[in-house]
Amino acid sequence: SSIPTVGTFSHPPSPTVPSLLLNAPLPSLPSYPSSCHAKNLLLRDKKHGLYLVTARHDADTNARKIALDLNLKANFRLADEKYLRGHLKVERGSLGPLALANDGSAGVEPGEGGPQPTATVKFVMDEKLKGVDVVYSHPGRCDWSTGIRTKDLVRFVEGTGREVIWVDFPAKVEGGGGGGGEG
């Protein structure tokens with residue numbers, strides 16, 4: 001499933017939100033007055049599987065709150081490298097929603113805990129991104145950022161056979177935790 005973009009730019013490697021904000025100031029695009037960087041997390045629960053969460057860079061992405069928002073009795077943890085590589089073919093710090101095109105199960109064996117290899121990654125998106133013209137995220141590597149119109153990103157996700165699960169994430173309170181997130 002291809003996706004139209006508004007452009008990709010290179011920057012120093014930025015595997016975390018703080019490094020991304022420092023290293024990759026967003027370009028000014030008159031046609032798209034509002035844009036933001038995305039924070040992306042791959043969460044795992046043994047019973048409920050894998051969830052890719054894409055939220056505004058300043059969103060509070062507390063895993064316990066996400067489980068409550070999804071009405072799940074889940075014990076979400078950040079998924080380790082095995083799941084990032086095995087399901088989405090990306091390294092830690094390079095995750096973004098475009099990785100859903102790679103969803104697979106290489107390297108994840110049944111019985112290792114977590115979802116079985118046939119499970120697909122579910123997609124959660126910050127409700128506040130509906131009001132943003134362009135979302136910037138890593139396209140599988142942490143030294144690039146790709147801008148995608150929000151409506152095109154939703155179309156792309158739906159084109160992978162998934163529904164977008166919308167969650168209204170509050171803004172992170174400074175010093176209040178909330179997950180640093182991968183770029």
Side-chain angles (χ1 to χ4, degrees), residues 1-5 8-11 13-17 19-20 24 36-57 59 61-63 66-67 69-70 72 74-126 129 135-150 152-167 169 179-183:
S1 181
S2 68
I3 183 170
T5 68
T8 296
F9 65 97
S10 64
H11 49 74
S14 304
T16 64
V17 169
S19 64
L20 185 64
C36 73
H37 281 296
K39 173 189 332 192
N40 298 282
L41 308 166
L42 185 62
L43 299 177
R44 179 177 76 88
D45 176 77
K46 287 184 180 182
K47 181 177 178 186
H48 297 286
L50 295 168
Y51 286 77
L52 171 56
V53 177
T54 295
R56 287 182 55 89
H57 65 85
T61 51
N62 178 286
I66 292 171
D69 288 339
L70 298 174
L72 298 175
N75 185 20
F76 281 132
R77 299 279 187 244
L78 279 177
D80 62 30
E81 289 278 343
K82 173 174 61 177
Y83 294 97
L84 285 164
R85 281 192 211 111
H87 282 267
L88 298 175
K89 318 294 188 270
V90 296
E91 302 295 320
R92 183 167 304 287
S94 298
L95 181 61
L98 296 180
L100 290 171
N102 302 330
D103 190 6
S105 60
V108 181
E109 299 299 322
E112 288 190 52
Q116 294 303 307
T118 56
T120 59
V121 177
K122 296 165 197 75
F123 184 68
V124 175
M125 193 162 171
D126 187 346
L129 290 175
V135 176
Y136 282 86
S137 186
H138 292 319
R141 50 187 292 178
C142 71
D143 59 347
W144 290 356
S145 287
T146 296
I148 305 163
R149 293 183 315 163
T150 303
D152 291 331
L153 180 56
V154 169
R155 252 187 241 119
F156 166 77
V157 170
E158 291 171 345
T160 67
R162 292 169 178 77
E163 68 172 302
V164 175
I165 304 166
W166 295 99
V167 171
F169 293 104
E182 300 179 24

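Here the structure is a predicted model, which means the values were calculated and not measured.
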With side chains defined as the heavy atoms from C-beta onward, is the minimum distance between [X] and [Y] less than 4.5 Å?
X: Val124; Y: Asp69; answer: no
X: Arg56; Y: Leu129; answer: yes
X: Asp103; Y: Leu88; answer: yes
X: Phe156; Y: Leu98; answer: yes
X: Phe123; Y: Leu100; answer: yes
X: Glu81; Y: Glu91; answer: yes
X: Ile66; Y: Tyr51; answer: no

Closest approach of [X] and [Y], non-hydrogen atoms and distance?
X: Asp126; Y: Ala55; answer: CB-CA, 3.5 Å
X: Ala38; Y: Val135; answer: CB-CG1, 3.7 Å
X: Trp144; Y: Pro139; answer: O-CD, 3.3 Å
X: Gly93; Y: His138; answer: O-CD2, 3.2 Å

### Query
In chain order, what residues pass the side-chain hydrogen bond (donor to acceptor under 3.5 Å, both in side chains) check against Asn75, with sequence neighbours excluded?
Arg77

### Task
Go through the structure and list residues passing side-chain hydrogen bond (donor to acceptor under 3.5 Å, both in side chains) with Thr5, not counting sequence neighbours.
none

### Query
What pairs with Ala74 under side-chain contact (heavy atoms from CB on, under 4.5 Å), at least two apart in sequence or on another chain?
Asp45, His48, Ala67, Leu72, Phe76

### Message
According to salt bridge (charged side-chain N to carboxylate O under 4.0 Å, His left out), who are the partners of Glu158, at least two apart in sequence or on a separate chain?
### Response
none

### Summary
Sorted by chain and residue number, the salt bridge (charged side-chain N to carboxylate O under 4.0 Å, His left out) partners of Asp143 (sequence neighbours excluded) come out as Arg141

Looking at [atom1] of [X] and [atom2] of [Y], how far apart are the two atoms once the value is rounded to the nearest 0.5 Å?
X: Arg92; Y: Asp80; atom1: CZ; atom2: CG; value: 7.0 Å
X: Thr61; Y: Leu43; atom1: OG1; atom2: CG; value: 8.0 Å
X: His87; Y: Leu52; atom1: NE2; atom2: CG; value: 12.5 Å
X: Met125; Y: Thr150; atom1: CE; atom2: OG1; value: 5.0 Å
X: Ile3; Y: Thr160; atom1: CD1; atom2: OG1; value: 10.0 Å
X: Ser94; Y: Lys89; atom1: OG; atom2: NZ; value: 15.0 Å

### Query
Between His37 and Ser145, is there a donor-acceptor pair closer than 3.5 Å when you use the side chain of the first and the backbone of the second?
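Pair absent, no side-chain N/O of His37 close to backbone of Ser145.
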
### Task
Check whether any side-chain N or O of Lys39 sits under 3.5 Å from a backbone N or O of Val17 as a donor-acceptor pair, and report yes or no.
no

### Message
Looking only at side-chain N and O atoms, does Asn40 offer a donor or acceptor that is under 3.5 Å from a partner on Ser137?
### Response
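Result is yes, a qualifying pair exists.
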
### Message
Suppose we screen for ring pair (Phe, Tyr, Trp, His ring centres under 6.0 Å). Which residues come up paired with Phe169, at least two apart in sequence or across chains?
### Response
none

